[in-house]
**Student:** 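A single structure is presented below for examination.
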Amino acid sequence: MRNQFLFYFLLLFVYACNTPSPSPNPTENNTSTTTLTETKPIVKTLKDTTAQSIFTFLFDNFNTENNFAIVSEKIIPDTLLSRFNNSDNDTLIATFEKVIPIEDGRHIAYFKVTPKDGYDCRICAPIMAAGILKNKNGEWKLGKINYFDLAGIYGIAPDVEIIQISPHDYALVAGLGDLHMGYHWSAENYYSVNNNFTEIFSSRTHMDNSGTCDPEGKDADLMTCFENETSIEIIKNPNGYYEIKTHETGTNWDYDKEELIKLDDEKTFVFQDGKYVEKKE
């Protein structure tokens with residue numbers, strides 16, 4: 001009888017040692033055993049293309065009284081900040097310029113970034129920014145914002161327009177200009193819409209010294225007057241990027257020879273390696 005009892009005791013002991021213990025409660029375990037699947041980011045939509053809607057979407061703030069949004073310096077590329085005439089204590093703001101329609105159905109949201117206060121000197125150029133808007137089923141989607149150049153004077157951003165430069169690409173064209181030390185000039189910069197608003201072409205369009213010359217040539221202390229214009233023409237190409245032709249006419253001053261020269265200079269530019277370069281005949 002004693003040997004039988006000992007046999008049953010040993011049998012129960014072996015069974016207990018080989019029986020798995022129950023799993024711990026998942027809520028009491030810091031290590032989750034659940035396999036996580038990657039989720040797609042939530043895509044926000046804009047109800048319209050007003051400054052308030054776009055800036056609230058981008059910066060989570062908007063000053064309705066003064067129509068600007070506070071911008072973090074961290075989002076501005078260092079290449080632009082290094083040229084930016086601001087101090088470490090400046091509050092940066094975004095001010096909306098306009099929405100520009102493109103023939104292919106896209107729209108461009110164009111705005112500038114400047115310090116909030118005291119940015120009105122002649123060399124105070126704003127940071128130019130733009131993004132592409134698309135409307136699908138009545139909902140507006142805003143693509144990546146590109147902070148792409150520093151241009152303008154007195155805190156005023158250049159006015160811009162859209163021109164087609166290939167069957168599939170357009171250029172944002174910024175009109176630049178200034179009057180300084182008696183010299184008046186203007187120019188145009190071209191930025192590729194399809195290539196994140198990279199600058200692809202630039203040309204002066206006007207130059208004169210009307211503020212520092214004598215039109216009658218009687219004052220020896222004043223310079224001889226000169227004035228020139230450069231026209232820009234887009235030549236369509238059905239297969240790729242269009243050509244750009246410039247024609248400079250008028251007069252200029254040759255500082256080496258100290259004489260007035262006449263200008264009649266035509267150039268052709270072709271798109272190569274992401275930008276326009278002068279075509280060599």
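Model, not experiment: these values are computed from the prediction. Numbers here are sequence positions counted from 1.
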**Student:** With a sphere of 6.0 Å drawn around CD of Glu258, does it hold more than 12 non-hydrogen atoms of other residues, nucleotides or ligands?
**Tutor:** no
**Student:** Mind checking whether Leu172 and Phe148 have side chains closer than 4.5 Å, heavy atoms only?
**Tutor:** yes
**Student:** Please lay out, stage by stage, how Thr95 and Asn67 fare under the test side-chain contact (heavy atoms from CB on, under 4.5 Å).
**Tutor:** CA-CA 7 Å; Thr95 307; Asn67 293 317; over 6 Å; no
**Student:** Quick one, Ser210 with Asp208, criterion side-chain hydrogen bond (donor to acceptor under 3.5 Å, both in side chains). Give me CA distance, side-chain angles, the key distance, then yes/no.
**Tutor:** CA-CA 6 Å; Ser210 56; Asp208 70 59; 2.7 Å; yes
**Student:** Are Glu243 and Lys279 ion-paired here, with the side-chain N under 4.0 Å from a carboxylate O?
**Tutor:** yes
**Student:** Atom NZ in Lys134, atom CG in Asp104: separation rounded to 0.5 Å?
**Tutor:** 8.5 Å
**Student:** Hey, could you give me the CG/CD1 distance between Asn196 and Ile145, rounded to the nearest 0.5 Å?
**Tutor:** 11.0 Å
**Student:** Could you tell me whether the side chain of Ile162 reaches within less than 4.5 Å of the side chain of Val193, counting heavy atoms only?
**Tutor:** yes
**Student:** Could you check whether atom CG of Asn66 has more than 12 heavy atoms from other residues, nucleotides or ligands sitting under 6.0 Å from it?
**Tutor:** yes
**Student:** Do Val173 and Tyr276 belong to the same hydrophobic cluster, where Ile, Leu, Val, Met, Phe, Trp and Tyr are linked whenever their side-chain heavy atoms lie under 4.5 Å apart, directly or via other members?
**Tutor:** yes
**Student:** Is the distance between the ring centroids of Tyr119 and Phe84 less than 6.0 Å?
**Tutor:** yes
**Student:** From Phe62 CZ over to Gln52 CD, what is the distance, rounded to the nearest 0.5 angstrom?
**Tutor:** 5.5 Å
**Student:** State yes or no: are the ring centers of His107 and Trp140 separated by less than 6.0 Å?
**Tutor:** yes
**Student:** Any chain of hydrophobic side-chain contacts (each under 4.5 Å) joining Ile76 to Ile54?
**Tutor:** yes
**Student:** Which atom pair, heavy atoms only, marks the closest approach of Ala157 to Pro126?
**Tutor:** N-CG, 3.7 Å
**Student:** Starting from Tyr241, can I reach Phe197 by hopping between I/L/V/M/F/W/Y residues whose side chains sit under 4.5 Å apart?
**Tutor:** no
**Student:** Between Leu46 and Leu142, is there a side-chain heavy-atom distance shorter than 4.5 Å?
**Tutor:** yes
**Student:** Any side-chain donor paired with an acceptor under 3.5 Å for Ser203 and Thr246?
**Tutor:** no
**Student:** Is there a path of hydrophobic side-chain contacts, each under 4.5 Å between heavy atoms of I/L/V/M/F/W/Y residues, joining Phe96 to Tyr147?
**Tutor:** yes
**Student:** Do you know which two heavy atoms are closest between Ser82 and Thr79, and how far apart they sit?
**Tutor:** OG-O, 3.1 Å
**Student:** Looking at every non-hydrogen atom in both residues, tell me the closest pair between Gly182 and Leu179 and how far apart they are.
**Tutor:** C-CD1, 4.3 Å
**Student:** Carefully, step by step, assess Thr249 and Asp264 under the rule side-chain hydrogen bond (donor to acceptor under 3.5 Å, both in side chains).
**Tutor:** CA-CA 5 Å; Thr249 57; Asp264 187 7; over 6 Å; no
**Student:** In the structure I gave you, are the side-chain heavy atoms of Cys225 and Asn209 within less than 4.5 Å of one another anywhere?
**Tutor:** yes
**Student:** So do Trp185 and His180 actually touch side chain to side chain, heavy atoms under 4.5 Å?
**Tutor:** no
**Student:** Is a side-chain donor or acceptor of Asn195 paired with a backbone partner of Thr198 at a separation under 3.5 angstrom?
**Tutor:** no
**Student:** Take Met223 and Tyr183 through the side-chain contact (heavy atoms from CB on, under 4.5 Å) test and state the conclusion after the steps.
**Tutor:** CA-CA 11 Å; Met223 291 183 62; Tyr183 291 83; 3.1 Å; yes
**Student:** So, Thr50 versus Asp48: side-chain donor-acceptor pair below 3.5 Å or not?
**Tutor:** yes
**Student:** Apply the test side-chain contact (heavy atoms from CB on, under 4.5 Å) to residues Ile235 and Glu233: give CA-CA distance (whole Å), side-chain angles for both, the deciding distance (0.1 Å), then the verdict.
**Tutor:** CA-CA 6 Å; Ile235 308 299; Glu233 182 183 5; 3.5 Å; yes
**Student:** Taking the ring of Phe111 and the ring of Phe55, is the distance between their centroids below 6.0 Å?
**Tutor:** yes
**Student:** With a 4.5 Å cut-off on side-chain heavy atoms, are Arg106 and Leu133 touching?
**Tutor:** no
**Student:** According to a 4.5 Å side-chain heavy-atom criterion applied to Ile, Leu, Val, Met, Phe, Trp and Tyr, with indirect links allowed, do Leu263 and Trp253 form part of one hydrophobic cluster?
**Tutor:** no
**Student:** Using modelled atom types only, decide if a donor and an acceptor are shared between the side chain of Asp90 and the backbone of Leu92 within a distance under 3.5 Å.
**Tutor:** no
**Student:** Within the distance-only criterion (no hydrogens, no angle test), does the side chain of Gln164 pair as donor or acceptor with the backbone N or O of Ser166 below 3.5 angstrom?
**Tutor:** yes
**Student:** Step through the shown structure and confirm whether more than 12 heavy atoms of other residues, nucleotides or ligands are within 6.0 Å of NZ on Lys267.
**Tutor:** no
**Student:** Under 4.0 Å between a Lys/Arg side-chain N and an Asp/Glu carboxylate O for Glu199 and Lys275?
**Tutor:** no
**Student:** Check this for me: does any side-chain nitrogen of one of Arg122 and Asp178 sit under 4.0 Å from a carboxylate oxygen of the other?
**Tutor:** yes
**Student:** Return the NZ to CD1 distance between Lys236 and Ile165, rounded to the nearest 0.5 Å.
**Tutor:** 13.0 Å
**Student:** Where the side chain of Asn228 meets the backbone of Asn252, is there a donor-acceptor pair that is under 3.5 Å apart?
**Tutor:** no
**Student:** Can you spot which of Tyr242, Phe271, Phe269 makes a ring pair (Phe, Tyr, Trp, His ring centres under 6.0 Å) with Phe201?
**Tutor:** Phe269
**Student:** How close do Thr205 and Ala187 get, heavy atom to heavy atom, and via which atoms?
**Tutor:** OG1-N, 3.5 Å
**Student:** Are there over 12 heavy-atom neighbours, none belonging to His168, within less than 6.0 Å of that residue's NE2?
**Tutor:** no
**Student:** Could you tell me which non-hydrogen atom of Asp254 sits nearest to which non-hydrogen atom of Asp256, and how far apart they are?
**Tutor:** OD1-N, 3.0 Å
**Student:** For a side-chain contact (heavy atoms from CB on, under 4.5 Å) check, start with the C-alpha distance between Tyr190 and Ile232, then their side-chain angles and the critical distance, and finish with the verdict.
**Tutor:** CA-CA 11 Å; Tyr190 286 48; Ile232 301 175; 3.4 Å; yes
**Student:** Working to the nearest 0.5 Å, report the span between CD of Glu188 and OG of Ser202.
**Tutor:** 9.0 Å
**Student:** Can you give me the closest heavy-atom contact between Ala174 and Met128, atom names plus distance?
**Tutor:** CB-CE, 4.0 Å
**Student:** Under 4.5 Å between any side-chain heavy atoms of Lys98 and Val160, yes or no?
**Tutor:** yes
**Student:** Once rounded to the nearest 0.5 Å, what's the spacing between atom OG1 of Thr251 and atom CD of Glu229?
**Tutor:** 10.0 Å
**Student:** Side-chain contact, heavy-atom cut-off 4.5 Å: Ile93 with Val71?
**Tutor:** no
**Student:** Going by an N to O cut-off under 4.0 Å, is there a salt bridge joining Arg83 and Asp149?
**Tutor:** yes
